[in-house]
Amino acid sequence: MKSPKKSLKLLLFKPLQLSFALCVKLIHFFTQQHQKLNRHQFLKGLFLATLVICLLFGQVVSAQTQNASILVEQGIKDYDAGNFPNAVKHWQEALTQYKSNPASTAVVNENLARVYQQLGQNKEAIESLSAAIRDYGAVGNIQQVGRMQSELAQVYSNLGQPRKAIALLCGKLVDKSKDSENQPSQEIKCTPESAEQIATKYNDKRGQVAALGILGEAYRLIGSYDQAIKYLNTAQQVSPESKFLVFNSLGNAYKSRGQLRELQADSANKAGIFSKENEFTKKSQEDYNRAYQYFQDSIKFARNEKQPLAEMRGLLNLIQLGSQTNQSKFINDREFNTTIKDALKVLEELPDSDTKVYGAIDLAYLQRDAKGSSPFTYCPTHLVLSGDNQALNLLENSVLTSKKLQDNRLISFSNGALGHFWECSPDNEKALKNEKALKYTQAALIAADSKLSAKDSLYLWEWQAGRILDEQKRNEEAIASYQRAFDTLEDIRQDILTAERDVQFDFRDVVRPLYRTLAQSRLDLLGVGAIADEGRAKELSKVVNTIDALKLAELQNYFGNDCILSGLNPKQVGELLEDNSVAFKNTGFLSSIILDGKTGILLQLPNQATKFKWIEDPNQQGDKVVSSDTLQKKIAEFRTGLVKREEINYDTTIASQLYDWIIRPFAEDIKPEKVKTLVFIQDGFSRSIPMAALYDSKLNKYLVETYAVATTPSLRLNTPKLRDRSTQKALILGLTKEATIDGKTFEQLFAVPDEVSAVESIFPNHTPLIDDNFLAESFQQTLDKTTYPIVHIASHAQFGIIPEDTFIVTGKNQKLTISQLENSLRNLNSKSDSVELLTLTACETAVGDDRATLGLAGVALQVGVKTAIASLWSVTDQSTSELVKTFYTNYRNTGMSIAEALQTAQIRMIHAKKLPPSEGVNPMYDHPAYWAPMVAIGNWL
């Protein structure tokens, strides 16, 4: 047997020749790869890393077998020929032979990662990149470790996991609450082992630009636009020659921030803060203007650098700016049409690439006034390229290109897009168009389901297939397809929804319609008697789980993070109700679900079969089902009548009508001797009304006079427990003075001193922070020192349609935002320190958007509080003070549940006219406007 040394001499000559040839091949290979993957813009320089690796490779390859070198070269030939599966096969075999030489395996793993990305096999790509990082680290090539971290971060970002990308690129996530252009520019300080710091240490300009650029894109994806802009500007300063790449991403960041500011302007308008509306509108226009200029500069620089892929991306972004934001001020019709012609011309000249495929799809579905969300969630009505089959030709070509590239993600997306085109085509040949639509949609599903490589599109095509099957009256197959779409979206939803509300996709256009379609399909199938009685309970259970998932998704989407789901009970609702504990004893749960044209109510009782009924009007002629539009108008009328308090003697007509629609159909199931508490799990516009004020005209009683009433977004978010309240301490925060926040004046609260005094007497162990002593900083410092199970806040609280407009007014004309409140309470030392009860008086919600009430429903859960007591609208502080005093007395002294303590306080006000003057209750407080808006959210025990 020859010694290793002698073997090395014998193999020295030919392997070194092969090594040199391999270096040339690899450089050519990554040059092509760079062109094909130009969508990942900031990896522009990473292919040059192979030059460095070749030096190492020449030193170590001679110690390997000649066969391994041949395998590597054969893999390169396969890759060049587009035979990606064979390239994987040869490189995997080479890996087994190079396993004792990390310098060699590093190169092969890097190659494998890129071919896996071409095949859409992201899990394998991540494994190969991780192995390459390990191997480069083993041979001390730290610079290449950093570059591989950047490439791995790009894969995570593409998969909708930007936080993982940020961890690799910088090592830490900047607190979004500190993300503001009004704050001083923060110095970028990443951890030493991060990709950005490695590139900086080795003066690797291209690696730096890659890390900073991908970092900027990742921050954009989580909605931290100011931070994204800072990183992208830094990237521009590091390497001016990469300007056309940085400019394109800067344009996207400014466009996204402009869209957010449009939403903020709308929120300010609905909250009546018109100065803020004007401010946000102006800033939004400024952002769009900057986006326009950056896209223009990106296109110009890309042309000068002869980078058609980057030019195409810039043209598409400019077109989308004009269509999605309707910014005719920046892009008039003539320029818009010229830009489209330029894009079509560049598209024809592009090499086969993902940019060519996505570019063709984007142009095919282009609308002048787009909704700004995925075109695959609805049928576009006015395509710009609708004449001469232009759109159809583009989509057919995208399918052909994706097949050539053998990229499953591209194959899935292009076929799905073409299937959607046929789904939305005119109905003159309905059977034929549905057949074509289903054919391409199924092709999209097969590609997406290949090793689950495209789950972020899988749910779209399953949903699309369900709609087409529905058209063909194949109802059970359609439901199965909807269910698969639901299951897939549930699997990936957390990663998607942890991005801010206005990025990735519009929640209202994607998640909500899909979940409701699935629920309605199951309910419709039950309605036609297609399922035997023994299967009805199972089907209703599936409907309940779908509705519950929808409500959790809405809550998470509203707050834009995953904190709310951190304490989620893994059991489904049905499993929870099989629990015989005191939490569910004598309690009924009524869930509403607003569907297409009608609204349903589900009743769940412990250890009993779920019951379901559509809301019907027995006095209505013909079809008794009440349309969702009619119900929404009736609810709006009911709420308006309460808020305005126009009549001293309350007219119960509408309250009675709603009672008959929602409660009376279940009267036999919820008899008071069996059910003491009703917990409502509301949907959409029904969240904005106080159920306690519904009126039973037969008994001449409000609902709350018969049942204690509470609400929760989901039973899975609660762990109801009856706790010892004998020694509880209270933190009491109050504001008595007039305050002005963001240009809006909040009136003086004259009854707060009396309210604070009453709470202090009920909880002798207390700490008060009043007026100028009530600030965000003092609140935080006080909580840091002592645990307070009770936090009572007697101040104005505003809940807007976005969390940025959700805050509590504090002293010195300042505010405590929902983010600050969350941070303060989450900074407590342990879970045992969590607040049991958070009470907010003098609340105010934005009118006209049901998401505003999510602020109320979610505030307790968002900050880890067991229960919140808050009002659905602002009422006089005197009446609120009276109600709260009675509530706390009951809560503290009698051992009542929270819902029962609130019920007793409300009943006392209902009977205000019957109480002796010594009670000190204003007789007019019997009007439900004064007592009904106060609701218990969360744990009702």
Side-chain angles (χ1 to χ4, degrees), residues 176 179-182 219-229 249-296 316-332 336 366-375 377-378 497 499-512 554 557-560 742-744 798-807 817-819 845-852 854-855:
K176 188 178 185 299
D179 183 25
S180 170
E181 65 172 348
N182 297 322
Y219 271 109
R220 183 179 71 84
L221 289 175
I222 64 171
S224 291
Y225 306 127
D226 299 335
Q227 198 65 31
I229 290 167
S249 285
L250 276 168
N252 281 324
Y254 277 111
K255 172 192 166 186
S256 296
R257 195 171 73 178
Q259 290 174 319
L260 175 61
R261 284 170 167 175
E262 269 195 303
L263 186 62
Q264 289 172 324
D266 182 49
S267 179
N269 172 274
K270 289 175 178 174
I273 312 175
F274 301 114
S275 61
K276 292 296 288 185
E277 178 192 7
N278 294 333
E279 178 187 339
F280 281 127
T281 299
K282 181 182 177 182
K283 286 184 175 181
S284 175
Q285 295 294 319
E286 291 171 353
D287 281 342
Y288 287 140
N289 201 2
R290 287 179 179 177
Y292 171 82
Q293 195 57 56
Y294 276 122
F295 290 144
Q296 287 280 27
L316 288 171
N317 284 330
L318 186 60
I319 290 167
Q320 288 167 356
L321 178 68
S323 63
Q324 293 179 1
T325 61
N326 194 25
Q327 292 300 305
S328 56
K329 175 182 177 182
F330 305 127
I331 307 174
N332 56 39
F336 187 74
L366 181 64
Q367 301 173 84
R368 188 62 176 97
D369 298 312
K371 293 183 177 182
S373 58
S374 170
T377 61
Y378 64 98
L497 288 185
E500 289 300 303
R501 304 153 302 287
D502 54 318
V503 296
Q504 301 272 348
F505 58 70
D506 188 323
F507 173 86
R508 289 168 178 256
D509 289 333
V510 179
V511 178
R512 189 159 70 178
E554 284 186 300
N557 176 248
Y558 177 82
F559 284 103
D742 297 333
K744 179 177 180 178
Q798 176 175 292
F799 294 87
I801 65 172
I802 57 175
E804 286 83 352
D805 288 336
T806 298
F807 58 84
T817 67
I818 189 68
S819 296
T845 58
V847 178
D849 193 301
D850 60 71
R851 287 191 301 179
L854 283 174

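From a predicted model like this one, the values you see are computed outputs, not experimental measurements.
- Note that CD of Q259 and CG of L263 are 10.0 Å apart. Values are rounded to the nearest 0.5 Å.
- No side-chain donor-acceptor contact under 3.5 Å links D266 to the backbone of E262.
- By the 4.5 Å heavy-atom criterion applied to side chains, Q320 and K255 are counted as neighbours.
- A291 and G251 make their closest contact through CB-O, 3.3 Å (heavy atoms, listed as atom of the first residue, atom of the second, distance).
- Partners of Y294 under the side-chain hydrogen bond (donor to acceptor under 3.5 Å, both in side chains) rule, at least two apart in sequence or in another chain, do not exist in this structure.
- N289 has its side chain out of reach of Q293: every pair of non-hydrogen atoms, C-beta onward, lies at least 4.5 Å apart.
- Rounded to the nearest 0.5 Å, atoms OG1 (T281) and CD (Q285) are 7.5 Å apart.
- Using a 4.5 Å cut-off on side-chain heavy atoms (C-beta onward), R290 and R257 make contact.
- The nearest pair of heavy atoms linking F336 to I319 is CE1-O, 3.5 Å.
- No side-chain heavy atom of Y225 sits under 4.5 Å from any side-chain heavy atom of D287.
- Here the closest heavy-atom approach between residue S284 and residue G258 is recorded as OG-O, 2.9 Å.
- Residues Q367 and Y378 share a closest heavy-atom pair of NE2-OH, 2.9 Å.
- Annotation: the span from Q227 atom CD to R220 atom CZ amounts to 15.0 Å, rounded to 0.5 Å.
- Applying the side-chain hydrogen bond (donor to acceptor under 3.5 Å, both in side chains) rule to Q296 yields the partners Y292, E335; only residues at least two apart in sequence or on another chain are considered.
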Query - Derivation and outcome, side-chain contact (heavy atoms from CB on, under 4.5 Å), residues N252 and F295 - result: CA-CA 8 Å; N252 281 324; F295 290 144; 3.5 Å; yes
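- Closest non-hydrogen pair, Q264 versus F280, comes out as OE1-CE2, 3.1 Å.
- To the nearest 0.5 Å, atom CD1 of residue I229 and atom OG of residue S249 are 11.5 Å apart.
- Geometrically, K276 does not engage F274 in a cation-pi contact defined by less than 6.0 Å to the ring centre and at most 45° from the axis.
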